[in-house]
Amino acid sequence: MTSRWLCIITQFLTPLLLMLSVFLLLRGHNEPGGGFAGGLVAACALALHMFAFGETAMRKVLMINPRTLSGIGLVVAVFSGFLPALAQLPAFTGLWFDLTTPIGSTKLGTPILFDVGVYMTVLGVCVSLMEDLHQE
Amino acid sequence: MNFLEVATTVSLVFLSTALALILIRIKQGPTTSDRVVGLDLTAIILIGVLCATAVRFSVESLLDVAVALALVIFLGTVALAKFVGRNSS
């Protein structure tokens with residue numbers, strides 16, 4: 001039923017869009033981007049996959065119920081907010097620590113965890129919305 | 001005003017004119033297909049506006065927006081095409 005060109009383009013474009021979404025997620029703290037924009041781009045990638053190959057194939061790519069994913073994302077975001085409270089700091093304080101790897105050192109912190117939570121929430125909500133629209 | 005500023009300003013004026021014409025087409029459009037093509041063209045012209053604005057005011061981050069928009073924007077056309085195809089069949 002779906003056109004062959006759509007299937008071919010989807011096979012190239014879905015990984016590209018997913019990579020772009022992760023890129024947006026990771027650069028979000030200092031430059032434009034962030035969890036919300038990254039989640040929207042990832043949802044677009046999955047919507048494209050759903051248009052080309054159908055809903056069951058998209059669920060296989062996602063590997064998890066989108067509603068469960070959005071719930072996990074909320075829990076992760078709230079947990080990252082209350083992590084500084086365990087260290088006797090005001091809630092939602094940004095905690096940073098250096099991570100040194102063989103290829104260089106970088107900074108990790110609770111804002112990244114918060115962004116990952118937002119990413120998962122936005123992805124789950126948008127995918128479940130599009131599934132409902134697709135079923136109509 | 002140097003040449004680059006003149007060029008980007010003129011291109012922004014032309015793009016705005018094109019956008020206005022497309023809006024008329026979307027409003028009148030005898031068939032749904034005309035409206036779908038008009039919406040797609042709106043997005044493409046929007047990418048042009050973003051790039052011209054990025055050059056004119058030297059805002060680098062607008063180029064990232066243009067890249068993301070260019071990757072994502074045809075999704076709406078695909079969705080509308082699916083919708084139109086399902087309604088007609």
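Keep in mind that this is a model prediction, so the values were computed, not measured. Letters A, B, ... mirror the listed sequences (proteins, then strands); counts begin at 1. Just the heavy atoms: all of them, side chains too, but no hydrogens, waters or symmetry mates, feed the values below.
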Peer 1: Is it the side chain or the backbone of A:Leu48 that comes within 4.5 Å of chain B heavy atoms, both, or neither?
Peer 2: both
Peer 1: Which region of A:Leu40, side chain (C-beta onward) or backbone (N, CA, C, O), has a non-hydrogen atom less than 4.5 Å from a non-hydrogen atom of chain B, or is it both or neither?
Peer 2: neither
Peer 1: Could you give me the CA-CA distance, side-chain angles and deciding distance for A:Arg59 and A:Asn65, then say whether side chain to side chain contact (heavy atoms under 4.5 Å, CB included) is met?
Peer 2: CA-CA 7 Å; A:Arg59 276 294 180 91; A:Asn65 191 331; 3.9 Å; yes
Peer 1: Could you name each residue pair satisfying salt bridge (charged side-chain N to carboxylate O under 4.0 Å, His left out) that touches residues 64-80 of chain A, not counting sequence neighbours?
Peer 2: A:Arg67-A:Asp132
Peer 1: Tell me if the CZ atom of A:Phe36 is crowded by more than 12 foreign heavy atoms within 6.0 Å.
Peer 2: no
Peer 1: Considering only heavy atoms, which portion of A:Leu24 lies under 4.5 Å from any heavy atom of chain B: side chain, backbone, both, or neither?
Peer 2: neither
Peer 1: Is it true that B:Asp64 and A:Arg27 have a side-chain N and a carboxylate O under 4.0 angstrom from each other?
Peer 2: yes
